[in-house]
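Notes for the one structure printed next.
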Amino acid sequence: MVRVKHELAAWFEEALGRLGWIALAGNLIDRPREPGHGDYSSHVALRLAKSLGQPPLALAQTIVANLPPSPWIERIDIRPPGFINLHLSFEALLSELAHMLDETHPYGHAAPGATRVLIEFVSANPNGPLHIGHGRGAAFGDTLARVLEALGSRVEREYYVNDAGRQMDILALSVWIRYCEHLCDAALDFPSAGYQGDYIRDLALELLEVEGPRFLRTQEQMPETIPPDVEEGDGRDQHIDARIALMKTTLGAKDYEGVLGFARGKMLEVIRGDLADFGVHYDRWYSERSLYEDAKVAEMIRLLEERGETYRRDGALWFRASSHGDEKDRVLMRTNGEYTYFAPDLAYHLDKMRRGYDRLINVLGSDHHGYAPRIRAGLEALGQDPKRLEVRLVQFAVLYRGGQRVQMSTRSGSFVTLRELVEEVGRDAARFFYVLRSEAQHLDFDLDLAKSHSQENPVYYVQYAHARIASLFRESTERGLKPDTGDREAWGQLQQPPERALLTTLTRYPEILEQAAGGYAPHLIAQFLREIAQAFHVYYHAVPLLIEDRALRNARLGLCLATRLILADGLSLLGVSAPSKM
RNA sequence: GCCCCGGUAGCUCAGUUGGAUAGAGCGUCCCCCUCCUAAGGGGAAGGUCGGCGGUUCAAAUCCGCCCCGGGGCACCA
């Protein structure tokens, strides 16, 4: 794959090398906004002026004089105060067009290389269905994975399943109470810290269906050893923990595990289904429990201890995180002998490091931002290079319907699930809207806009351009004007301003992909697809395509096909379909 | 209090790692289907890039302080 921008940068470096001027950090070659400033430009003369003590305009002239001849460039302008503007030759554009039409090598993609990347995203606890916040992480993570793959990385997608610990106990308790309620046909005491959502009742019914009533236990009265339930504070946790303990003794270890295992398995199934229907597929579901079973947590702790990174205080085991850039030291094992969430998670990250990836990417919700320094500190203490870990925080999404903010609250279970969103607006709109904005931005998600099949909806705008081209080809065939995009006879006539503009826009695609991958910025692709669609719609209006002149018609249809291929490619990177009819 | 993210047109947001006259979509106001999909196109109005300093030939972009919005600061996960 040829990347014009790289060619031009190398070209400039050659001239600078000849002159014995040191190459500067940063970009040598830009895309100017102003069309009159050429297809590419360089401000290198401006930046060299100071260190060389010469006026930038004179430097620009010297540099240009030392540029070897290039088939890419037909004209070079030097403009005050010292910009060098480059105008691509028409031949260069046509050569790019040929690349675009080569369907064996998608334009802008790179051949698979040696770089191995592990991207972990979503990793929501399996204690409920995914909600729209997870959806954004899913869309971002998966799109990023696709973009990195397109540029040659070997990417693995991984979901870390927090299937151990207290949350699973709360899930089991919640399901069990609903199960018993259903069997006794009576409302039981439901802890305020339990999971309130309707899906818990569904799980309880399924449990009854599969396992029968064998988990039913009756209890006349709540034992007095159970602290009273409260809405807020420590008492809330104490109450539910006591209820969990009571459930364990009441059911016995085997039946307790029966309920918990069922609920966990079902919940994972639900999540997996939600993601699959969203077009997201994982290479690995990594279980937190397996870390215990394989003694990886204990081993990690031992390693930390050997390295003198731990100490005991107040009966707990602490990690010296503050010696590695974290705000404070962190507890690994609580006074009650149980690990904190941090311990297995650090063991997990150590495991990921040892698996030999060049880069680890974690996509987390923005509420986890304080967590990254802790993991970095841990990895450093374990002798790993924390710079190999890249953490991206995805900001929250807020839904709007009818101009009103849709209220959500996890505690009461009244959140909008990813599945509901997809059912309401469709997968294409959901995925497109999610990645239309930078993940660092709070997202206002307008449900009405996402649903509307009209011009203000950017998804349809882009898809419509694709469908229009497909329609052109159908129409052409129907009229007996069989398209032959291999016919290059009249390529030289693709000189109308709108078609040159379209072609020039398309040549930016490889640069956009590179930027999106390098900056973890898939939103650039969504934005750029809109630009392509716009350039195409303008072209479509301004220039008649299905004309009598066979050669020119084929040339124009070739340009249309190139547009279609790039639109389809970009959409597929976003996980959005490219319909051929709308 | 400390930390992170954000503040750009009426609204929602881009802004190529410091470059030229700050852009797009929507909304508003004009205009365009005898014609390959009007889910489209053309045009107009709309800006103290949160504020004040600083660095630089050049700042929306880098630095400092301040204001506003969101999030985070557990022996929770």
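Bear in mind that the values here come from a model prediction, so they are computed numbers and not experimental data. To find a chain, count down the sequence lines: A is the first, B the second, and so on, and within it residues start at 1.
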* **Phosphate-side-chain proximity, A:Arg468 and B:rA38, N/O vs OP1/OP2 below 4.0 Å** => yes
* Between B:rC62 and B:rG10, how far apart are the C1' atoms? Round to whole Å, please. => 31 Å
* To do: Write down the partner of B:rC33 under the Watson-Crick or G-U wobble criteria, each distance required to be under 3.5 Å.
  => none
* Are a donor atom and an acceptor atom from the side chains of A:Gln167 and A:Asn162 found within less than 3.5 Å of each other? -> no
* Structure fact -> Counting primed atoms, P, OP1 and OP2 as sugar-phosphate and everything else as base, the B/S/- map of nucleotides 8-15 of chain B against protein heavy atoms under 4.0 Å is ----BSSS
* Asked: Just to confirm, is there a sub-4.0 Å distance from OP1 or OP2 of B:rC26 to any side-chain nitrogen or oxygen of A:Tyr460?
  -> no
* Ion pair present between A:Glu120 and A:Lys352, side-chain N to carboxylate O less than 4.0 angstrom? -> yes
* Asked: Is the side chain of A:Asp549 donor-acceptor paired with the backbone N or O of A:Ala551 at a distance under 3.5 Å, no angle test?
  -> yes
* To do: Take atom CG of A:Leu48 and atom P of B:rC57, then tell me their distance rounded to the nearest Å.
  => 14 Å
* To do: Answer yes or no as to whether B:rG41 has its base stacked against A:Tyr540, where stacking requires a ring-centre separation under 5.5 angstrom and planes under 30 degrees apart.
  => no
* Asked: Which base, if any, makes a Watson-Crick or G-U wobble pair with B:rG46, both distances under 3.5 Å?
  -> none
* To do: Kindly say whether, by distance alone, the side chain of A:Asn85 makes a donor-acceptor pair under 3.5 Å with the base of B:rA20?
  => yes
* To do: Report the nucleotide, chosen from B:rA77, B:rA74, B:rG72, that has the shortest atom-to-atom distance to any side-chain atom of A:Arg330.
  => B:rA74
* **Distance, rounded to the nearest Å, where A:His37 contributes NE2 and B:rA20 contributes P** => 9 Å
* So does A:Arg166 pair up with A:Asp241, basic N to acidic O under 4.0 Å? -> yes
* Asked: Would you say A:Lys328 reaches B:rA74's phosphate, i.e. side-chain N/O to OP1/OP2 under 4.0 Å?
  -> yes
* Asked: Which one, B:rC73, B:rG25, B:rA77, comes nearest to the side chain of A:Gln534?
  -> B:rG25
* Do A:Ser41 and B:rA20 have a side chain to base donor-acceptor pair shorter than 3.5 Å? -> yes
* Asked: Does B:rC2 have a Watson-Crick or wobble mate here (both distances under 3.5 Å), and if so which one?
  -> B:rG72
* Across all strands shown, which nucleotide pairs with B:rG64 by Watson-Crick or G-U wobble geometry, both distances under 3.5 Å? -> B:rC52
* Asked: Is there a Watson-Crick or G-U wobble partner for B:rA14 with both distances under 3.5 Å, and if so, which one is it?
  -> none
* Checking A:Arg31 against A:Tyr40: charged group under 6.0 Å from the ring centre and within 45 degrees of the axis? -> yes
* Asked: Does A:Tyr40 or A:Asn125 map to a spot on RNA chain B nearer the 5' end, using the closest nucleotide for each?
  -> A:Tyr40
* To do: Send over the distance from A:Arg136 CZ to B:rC5 P, rounded to a whole Å.
  => 15 Å
* Measure from the side chain of A:Leu472, starting at C-beta and using heavy atoms only, and say which of B:rC36, B:rG71, B:rG19 lies closest. => B:rC36
Between side-chain atoms of residues 78-88 of chain A and protein atoms elsewhere (two or more places apart, or another chain), which donor-acceptor pairs fall under 3.5 Å?
| from | atom 1 | to | atom 2 | distance (Å) |
| --- | --- | --- | --- | --- |
| A:His87 | NE2 | A:Asp77 | OD2 | 3.0 |

* Should B:rA20 form a Watson-Crick or G-U wobble pair with both distances under 3.5 Å, which nucleotide is its partner? -> none
* To do: Run the salt-bridge test on A:Arg474 and A:Glu478 with the 4.0 Å N-O cut-off and return the result as yes or no.
  => no
* **Polar pair under 3.5 Å, donor/acceptor by atom type, side chain A:Thr335, base B:rC75** => yes
* Closest to the A:Lys5 side chain: B:rU16, B:rA20, B:rA77? -> B:rU16
* To do: With the side chain of A:Arg530 defined as its heavy atoms from C-beta on, choose the nearest nucleotide among B:rA74, B:rG71, B:rG25.
  => B:rG25
* Does A:Tyr400 reach the side chain of A:Leu447, with side-chain heavy atoms less than 4.5 Å apart? -> no
* For B:rG27, give its Watson-Crick or G-U wobble partner with both distances under 3.5 Å, or none. => none
* To do: Carefully, step by step, assess A:Tyr159 and A:Phe121 under the rule ring pair (Phe, Tyr, Trp, His ring centres under 6.0 Å).
  => CA-CA 6 Å; A:Tyr159 190 116; A:Phe121 59 112; 8.2 Å; no
* In terms of side-chain heavy atoms of A:Val538, which of B:rG71, B:rC4, B:rG42 is nearest? -> B:rG42
* To do: Name the orientation of the base relative to the sugar in B:rC68: syn if the glycosidic angle is within 90° of 0, else anti.
  => anti
